[in-house]
Amino acid sequence: MSTTDRPPVCDYEGSDYQQRFWEQGGRAYEDGAEAVALRRLLPREGGKLLLEIGAGAGRNTPRYHGYRRVVLLDYSRTQLRQAQQRLGRSDRYVYVAADAYHMPFADGLFDGATMIRVLHHMAEPLKVLQETRRVLLPGAIFILEFANKRNLKAILRWLLRRQDWNPFTPEPVEFAALNFDFHPRQVLAWLNEAGFAVEDIRTVSHFRMGLLKRAIPAKVLVAMDALAQPTGKWWQLTPSVFVRSRVRGAAVASAGEVVFRCPACGHSPLEPADDHLACPACGARWAVRDGIYDFKEPL
Ligand SMILES: C[S@@+](CC[C@H](N)C(=O)[O-])C[C@H]1O[C@@H](n2cnc3c(N)ncnc32)[C@H](O)[C@@H]1O
């Protein structure tokens, strides 16, 4: 993997991902298992301002009801439109089109963040974790899901010589363009390097096999998965892993307000105008269209 300031982005503009993959894709089990993991990992006491990185069409957003406000960040405007249709326009949700490697927020803003099914699109995982750390407060919770290269199916395929890459080595495997599976040890090392202390690990989707999914009702598989998930603390052999970590340092309370920062020059705050935000330092203007703050390129 190379290191650049502008790593490539897996573009979901115009994608029917939510419909094809979730609604018509027979993934009630995976969705239910993720709901359980989030319920167990989210802080009981809730919080003020949660950042959902790569929120997509907002599939998980209603699960963050313990937070007073949720900022949905995604690179794809059309995914955000779908999220807006699902969740509505209100003070509770803030929709932001931007690149997760260069988030348009002031430092130390959020008391929580999630990144579910997004890290696997990152060619520079450490970079995006460091950027996440920048916008979080000390003590903030971060729930990260990643695709695990050391999963049982990959291990069996490798042992049977039906797969050439080794599931036990630390380097990521790019199984399709901008789709990576990671080794758990490597992800934990990146989290540590970015300034997070790992608190809990849950393995998710233990039973992701066509045969089982056809034979056993999704509800039963979800209940079985819920029982197996805590073993993630000791070993991780599932295709999906959820990690709860916390930004190191004494907790600082969030003011609950979103303060934007110019992604072009780093100045904050930005000045609101009729249909855009203006940067008083570099003059860049960022559109606000139908309730979506658009930081993909300046006007
Ligand atoms: C597989 S979807 C997951 C969506 C949602 N988190 C879920 O679990 O349903 C990945 C999402 O990450 C977004 N994404 C990928 N790279 C991104 C980047 N560099 N910055 C912001 N969003 C990105 C995509 O636009 C897409 O909506």
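Basis for what follows: all heavy atoms, side chains included, without hydrogens, waters or symmetry-related copies.
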Asks: I'd like a table of donor-acceptor pairs (distance under 3.5 Å, sequence neighbours excluded) in which one partner is a side-chain atom from residues 6-20, with atom names and distances.
Replies:
from	atom 1	to	atom 2	distance (Å)
D11	OD1	E13	N	3.0
Y12	OH	H121	NE2	2.6
E13	OE1	R77	N	3.0
E13	OE1	K296	NZ	3.1
E13	OE2	R77	N	3.4
E13	OE2	T78	N	3.1
S15	OG	Y17	N	2.9
D16	OD1	R20	NE	2.9
Y17	OH	W22	NE1	2.9
Q18	NE2	E23	OE2	3.1
Q19	NE2	Q82	OE1	3.0

Asks: Would you give me the side-chain donor-acceptor pairs under 3.5 Å for residues 272-281, sequence neighbours excluded?
Replies:
none

Asks: Check residues 40-60 and write down every donor-acceptor pair under 3.5 Å in which the side-chain atom is one partner and the other belongs to a residue at least two apart or another chain.
Replies:
from	atom 1	to	atom 2	distance (Å)
K48	NZ	S254	O	3.1
E52	OE1	T61	OG1	2.7
R59	NH1	D31	OD1	2.7
R59	NH1	E34	OE1	3.2
R59	NH2	E34	OE1	2.7
N60	OD1	R63	NH1	2.6

Asks: Can you sort out the partners of R289 under salt bridge (Lys or Arg N to Asp or Glu O under 4.0 Å), two or more places apart, ordered by chain and number?
Replies: D294

Asks: Once side chain to side chain donor-acceptor pair (under 3.5 Å) is applied, what residue pairs with a partner in residues 170-189 remain, sequence neighbours excluded?
Replies: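 For residues 170-189: T169-E171.
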
Asks: So, using ring-ring contact (aromatic ring centres under 6.0 Å, His included) as the criterion, who are the partners of Y95 when residues are at least two apart?
Replies: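 ring-ring contact (aromatic ring centres under 6.0 Å, His included) check on Y95 returns nothing, list empty.
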
Asks: Got a sec, which residues hit side-chain hydrogen bond (donor to acceptor under 3.5 Å, both in side chains) with R244, two or more places apart in sequence or on another chain?
Replies: E199

Asks: What's the verdict on side-chain contact (heavy atoms from CB on, under 4.5 Å) for F105 and F110, showing C-alpha distance, side-chain angles and the deciding distance?
Replies: CA-CA 9 Å; F105 308 116; F110 300 91; 3.8 Å; yes

Asks: Please determine whether side-chain contact (heavy atoms from CB on, under 4.5 Å) holds for the pair T203 and W235, giving the CA-CA distance in whole Å, both sets of side-chain angles, and the decisive distance to 0.1 Å.
Replies: CA-CA 8 Å; T203 36; W235 57 81; 6.0 Å; no

Asks: Hydrogens and angles aside, do R157 and N151 bring a side-chain donor and acceptor to less than 3.5 Å of each other?
Replies: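 N151 and R157 do not have a side-chain donor-acceptor pair below 3.5 Å.
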
Asks: Got a donor-acceptor contact below 3.5 angstrom from the R150 side chain to the P239 backbone?
Replies: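 The answer is no, because no donor-acceptor pair under 3.5 Å joins these two groups.
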
Asks: How would you list, by chain and number, every residue that makes a side-chain hydrogen bond (donor to acceptor under 3.5 Å, both in side chains) with R89, sequence neighbours excluded?
Replies: none

Asks: Which residues pass the side-chain hydrogen bond (donor to acceptor under 3.5 Å, both in side chains) test with R39, sequence neighbours left out?
Replies: none

Asks: Just by distance, no angles: are the side chains of Q130 and R133 close enough, under 3.5 Å, to form a donor-acceptor pair?
Replies: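 Judged by distance alone, the side chains do not pair up.
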
Asks: Quick one: does S205's side chain have a donor or acceptor within less than 3.5 Å of a partner on R208's backbone?
Replies: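 Such a contact is absent between S205 side chain and R208 backbone.
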
Asks: Does the R69 side chain pair with the main chain of E257, one donor and one acceptor, at a distance under 3.5 Å?
Replies: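 Not at all, since once roles are kept as given, no pair shorter than 3.5 Å links the two residues.
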
Asks: Ring centres of F146 and F180 under 6.0 Å apart?
Replies: no

Asks: Ring centroids only, cut at 6.0 angstrom: are W286 and F260 within range, meaning strictly under it?
Replies: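 For W286 and F260, the ring centres are not under 6.0 Å apart.
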
Asks: Could you point out which residue of N148, V187, V173 forms a side chain to side chain contact (heavy atoms under 4.5 Å, CB included) with F182?
Replies: V187

Asks: Is it true that a side-chain atom of R162 and a backbone atom of A154 form a donor plus acceptor pair closer than 3.5 Å?
Replies: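 No; judged by distance alone, with no hydrogens or angles, the pair does not exist.
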
Asks: Looking at T238, is its backbone amide N or carbonyl O close enough to the side chain of K153 to form a donor-acceptor pair, meaning the two atoms are under 3.5 Å apart?
Replies: no

Asks: Name all residues meeting the side chain to side chain contact (heavy atoms under 4.5 Å, CB included) criterion together with M224; count only those two or more places apart in sequence or in a different chain, and write none if there are none.
Replies: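 In terms of side chain to side chain contact (heavy atoms under 4.5 Å, CB included), with neighbours along the sequence ignored, M224 is linked to F207, V220, L221.
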
Asks: Could you give me the CA-CA distance, side-chain angles and deciding distance for F196 and V243, then say whether side-chain contact (heavy atoms from CB on, under 4.5 Å) is met?
Replies: CA-CA 11 Å; F196 296 95; V243 182; over 6 Å; no

Asks: Check whether R246 reaches the backbone of G139 with its side chain - one donor and one acceptor, N or O, closer than 3.5 Å.
Replies: yes

Asks: Apart from L137 itself, what residues make up its hydrophobic cluster, given side-chain heavy atom links below 4.5 Å?
Replies: V252

Asks: Check for a donor-acceptor pair, side chain of Q84 on one end and backbone N or O of L80 on the other, with a separation under 3.5 Å.
Replies: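 Answer holds: no.
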
Asks: Report the C-alpha distance between L270 and V259 in whole Å, list the side-chain angles of each, state the deciding distance to 0.1 Å, and finish with yes or no for side-chain contact (heavy atoms from CB on, under 4.5 Å).
Replies: CA-CA 8 Å; L270 301 182; V259 181; over 6 Å; no

Asks: Excluding sequence neighbours, so at least two apart, what forms side-chain hydrogen bond (donor to acceptor under 3.5 Å, both in side chains) with Y29?
Replies: D225

